[in-house]
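Below: one structure, written as structure tokens.
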Protein chains: 2
Amino acid sequence: MSANREIASLGEFRFECGESIPELDVAYETYGEFDGDNCVLVCHALTGSAHVAGSFREGSSDQASAWWEDIVGPGKAIDTAEYYVVCANVPGSCYGSSGPASENPETGEPYGPDFPPVTVGDWTRAQRALLDHLGVGRLHAVVGGSVGGMNALDWAARYPDDVRRVAPVAAAGRLDAQCLGLDAIARRAITTDPHWQGGEYYGGPEPDDGLALARQLGHMMYLSKASMERKFGRRSAGRDAHREAFPADPAADFFPYRDVESYLDYQARKFVDRFDANSYLYLTRAMDDYDLAAGYESDADALAAFAGEALLMSFTGDWHFTVAQSERLAEAFRATGEIAHHVVESDHGHDAFLVEPGKVGPPLADFLEDGLAGKSITDTEEDAEDHGDFAPVHASLFPR
Amino acid sequence: MSANREIASLGEFRFECGESIPELDVAYETYGEFDGDNCVLVCHALTGSAHVAGSFREGSSDQASAWWEDIVGPGKAIDTAEYYVVCANVPGSCYGSSGPASENPETGEPYGPDFPPVTVGDWTRAQRALLDHLGVGRLHAVVGGSVGGMNALDWAARYPDDVRRVAPVAAAGRLDAQCLGLDAIARRAITTDPHWQGGEYYGGPEPDDGLALARQLGHMMYLSKASMERKFGRRSAGRDAHREAFPADPAADFFPYRDVESYLDYQARKFVDRFDANSYLYLTRAMDDYDLAAGYESDADALAAFAGEALLMSFTGDWHFTVAQSERLAEAFRATGEIAHHVVESDHGHDAFLVEPGKVGPPLADFLEDGLAGKSITDTEEDAEDHGDFAPVHASLFPR
């Protein structure tokens with residue numbers, strides 16, 4: 001598969017907060033050929049990178065594998081033989097785009113906490129600047145998962161004339177109080193790690209323990225009660241597994257080291273090797289802050305200027321971005337536009353958008369090809385007749 | 001209200017792990033008068049104390065207010081004018097009973113991590129020893145909430161002839177993988193706090209940051225998505241509220257300090273002043289380890305020798321100890337005994353057993369007075385006829 005990995009230097013960038021940096025770098029990858037009208041922008045989730053597909057690697061600090069390789073590629077749902085696919089690492093992240101770990105040209109040191117606060121709106125504006133740089137005007141589609149779906153939503157609200165089709169997957173118009181609370185705890189885990197040092201830790205020991213806790217909390221949000229019960233239950237991790245990642249007291253050895261704990265520790269170890277703690281603070285704040293209706297009278301008002309088609313996809317086992325939240329978003333789209341809300345039955349939790357390509361791919365492929373006329377697309381408005389009421393679908397969370 | 005607060009020194013105590021301590025202290029309170037047949041043992045939740053009711057205080061380090069004062073007292077659901085109520089702080093805790101913060105008589109220093117690992121079975125056995133000391137043989141009832149409900153269950157399994165009626169409230173036969181995961185993260189937050197020092201922190205700075213994180217995670221488990229949305233939403237905590245509890249970087253100031261974060265920080269500050277970090281490790285391990293069926297062929301087998309009556313109460317918004325878990329427990333009781341499973345409609349989450357006395361009190365009062373013939377007691381088996389299927393009740397969690 002042909003892929004290009006580049007870093008675009010886009011000059012001075014003024015963030016929504018009012019602060020500027022003299023040079024914004026945006027790391028991006030492209031797949032396929034641009035024919036003037038076939039660009040699909042893919043927006044990554046919280047800790048993702050521009051590396052959405054393909055095996056194109058060059059010993060970087062990127063994620064080890066492409067994050068949506070079952071969805072994006074030649075002959076796949078987002079078909080790189082047909083579309084010119086662009087994916088860009090968001091500002092504030094740590095995979096090649098400017099962020100807290102990047103060098104501040106004024107000091108020659110990493111920005112650290114002096115990097116300007118970042119919003120989802122800044123991500124969209126940086127992507128717009130990148131596409132200008134690439135010579136792409138109107139987009140055939142913007143597709144994004146999780147907070148990447150918020151990013152896609154922001155495109156429809158901010159640049160309504162630039163987007164033909166938008167597909168927010170496992171997304172919402174805003175986070176709810178429960179997720180805001182968990183994110184606040186995750187950030188506190190980082191900022192109370194003594195190695196964090198107010199964000200000025202570069203060159204010294206890093207706040208790995210705090211970042212590990214934050215990541216473990218993230219994983220709790222990505223899985224459902226049912227998927228965790230099936231995947232781990234109360235099983236012990238076995239004799240060969242040890243609590244290696246952090247100290248424990250003698251009394252702990254009386255009790256089993258369970259599969260679920262071993263999984264969380266393994267995920268934490270992998271994550272601290274690849275992600276920057278300050279970026280985790282910056283990006284979760286952007287996600288928490290995002291509110292589709294901010295600056296408008298309502299979600300519907302924010303979307304009123306968007307005349308394209310929208311496909312929302314949500315997952316029955318997802319309690320991070322719920323089916324009910326997507327349905328409220330669908331109602332806002334329906335006020336003025338063309339929209340389908342496709343609900344996927346899955347108890348994989350929020351991770352379903354990544355691990356259920358067989359269910360995510362067909363409606364997405366059909367939407368890119370035929371818009372809302374796509375055959376495999378369903379809509380909750382039509383479903384309502386069959387099921388009597390919508391409630392049973394989104395009430396099926398946490399079934400155990 | 002007449003109340004007695006005492007500490008009983010019960011001599012050498014051998015824990016289930018095989019280790020012993022030379023002198024087990026058990027702090028307890030009693031209410032009402034013993035008539036030989038009217039003792040009700042109340043079992044506290046994870047971070048509770050013996051101080052279940054009344055305003056009896058003496059400048060101790062106990063919880064500031066009685067934890068079930070709306071339920072226990074003269075004329076209340078657990079009527080201290082009628083029953084002799086006993087509540088004991090569990091071994092491993094820090095409210096007067098022996099635990100990691102207690103003095104090890106061999107060294108004159110706190111036990112710290114040398115305190116033996118503690119199980120729910122040890123709690124029950126210590127309570128049995130305390131009741132022997134008080135001259136109480138058979139109990140009229142054992143009532144407990146949350147892990148205190150597991151403690152009550154253990155009474156029915158371990159001393160079936162000693163219990164006339166048992167009422168586990170918002171409890172389960174065992175934790176599921178999701179709760180085991182969250183508890184593991186909470187413990188890791190404590191053990192990665194550099195002040196924890198392998199548990200040997202007494203006399204120096206204490207691992208307050210880690211304990212604060214653990215407590216905040218606990219609060220997430222005690223509330224429901226719906227109750228958090230109603231209580232906090234996305235509201236800002238206002239200009240007068242500040243992030244005082246821990247450091248933050250300058251970029252954080254661009255974003256609001258939200259109600260939900262302010263609540264979690266406030267709860268954390270209160271908690272670290274009153275609780276011991278090692279006790280939090282010990283007690284969550286006991287809870288995680290508890291499995292009604294351990295040592296038996298099944299839950300039903302564990303309960304087979306219990307010939308008394310059982311009332312299970314569960315709450316529709318509780319995702320820590322779910323209605324479905326209580327229903328499975330009810331099925332185990334039904335195999336051999338007299339049981340009702342009373343489901344309370346509430347979206348207050350796990351906290352409902354504490355904050356919904358108007359719904360918890362009547363069935364509990366009737367059960368103590370009349371057993372399962374109590375008028376306000378409902379049972380899921382009877383409900384099944386009305387509602388067609390039980391599923392809608394316990395599927396209504398996380399409704400948003």
Side-chain angles (χ1 to χ4, degrees), chain A residues 17 113-117 174-178 180-182 184-185 188-189 191-192 194 196 198-199 209 212-213 216-217 220 223 225 228-229 231-234 246-252 254-255 258 260-261 264 278 281-282 285 288-289 291 319 322 324-325 392 394-400, chain B residues 17 113-117 174-178 180-182 184-185 188-189 191-192 194 196 198-199 209 212-213 216-217 220 223 225 228-229 231-234 246-252 254-255 258 260-261 264 278 281-282 285 288-289 291 319 322 324-325 392 394-400:
Chain A
C17 65
D114 294 331
F115 195 79
R174 64 200 56 76
L175 286 193
D176 65 22
Q178 187 179 52
L180 291 173
L182 286 165
I185 298 172
R188 184 182 175 133
T191 58
T192 56
W196 182 63
D209 286 334
L213 288 167
Q216 294 189 327
L217 280 180
M220 297 302 304
L223 302 174
K225 202 179 250 308
M228 294 191 72
E229 195 63 16
K231 201 166 176 159
F232 313 114
R234 293 175 52 85
F246 58 102
D249 63 275
F254 178 67
F255 300 101
R258 295 187 194 276
V260 61
E261 191 173 355
L264 291 168
N278 279 333
L281 299 178
Y282 274 70
R285 283 183 197 131
D288 290 5
D289 184 61
D291 186 342
W319 61 274
T322 68
Q325 284 174 314
H394 61 78
S396 66
L397 308 179
F398 274 31
R400 298 174 63 89
Chain B
C17 64
D114 294 331
F115 197 80
R174 63 198 58 76
L175 286 192
D176 66 22
Q178 189 179 51
L180 292 173
L182 285 164
I185 297 172
R188 183 181 174 134
T191 58
T192 58
W196 182 62
D209 285 335
L213 288 167
Q216 293 189 329
L217 279 180
M220 297 301 303
L223 301 173
K225 201 179 250 313
M228 293 191 73
E229 195 62 16
K231 200 167 177 157
F232 313 115
R234 293 173 53 82
F246 59 101
D249 62 276
F254 177 68
F255 300 102
R258 296 187 192 278
V260 59
E261 192 173 354
L264 290 169
N278 279 334
L281 300 177
Y282 274 71
R285 284 183 195 131
D288 290 6
D289 185 61
D291 186 342
W319 61 273
T322 68
Q325 285 174 314
H394 60 79
S396 67
L397 308 179
F398 274 31
R400 301 172 62 91

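Note on naming: letters A, B, ... go to the chains in the order of the sequence lines (proteins, then strands), and numbering restarts at 1 for each one.
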key: Heavy-atom pair count under 4.5 Å with chain A, highest-scoring of B:F115, B:F254, B:F232   = B:F254
message = Counting only non-hydrogen atoms closer than 4.5 Å, does A:L264 touch chain B with its backbone (N, CA, C, O), its side chain (CB onward), both, or neither?
response = side chain
message = Could you tell me if B:D249 and A:W196 have a donor-acceptor pair between their side chains, going purely by distance under 3.5 Å?
response = no
request  = Indicate yes or no for a side-chain donor-acceptor contact from A:Y282 to the backbone of B:A251 under 3.5 Å, with no hydrogens or angles considered.
outcome  = no
ask   = If we only count heavy atoms from C-beta on, is the A:R174 to A:Q325 side-chain gap below 4.5 Å?
value = no
message = For the interface with chain B, which of A:G199, A:C17, A:A212, A:G198 has the highest count of heavy-atom pairs at distances below 4.5 Å?
response = A:C17
Between CG on residue A:L180 and CZ on residue B:R258, distance to nearest 0.5 Å = 5.5 Å
inquiry  = If we define contacts as heavy-atom pairs under 4.5 Å, which of A:P113, A:A177, A:P250 has the most with chain B?
reply    = A:A177
request  = May I ask you to test the B:R234-A:L175 pair for a side-chain heavy-atom distance under 4.5 Å?
outcome  = yes
note = Whatever's closer than 4.5 Å to a heavy atom in chain B on A:L281 counts as side chain
ask   = In terms of heavy-atom pairs under 4.5 Å, which option from A:L182, A:D114, A:V260, A:L213 contacts chain B the most?
value = A:L213
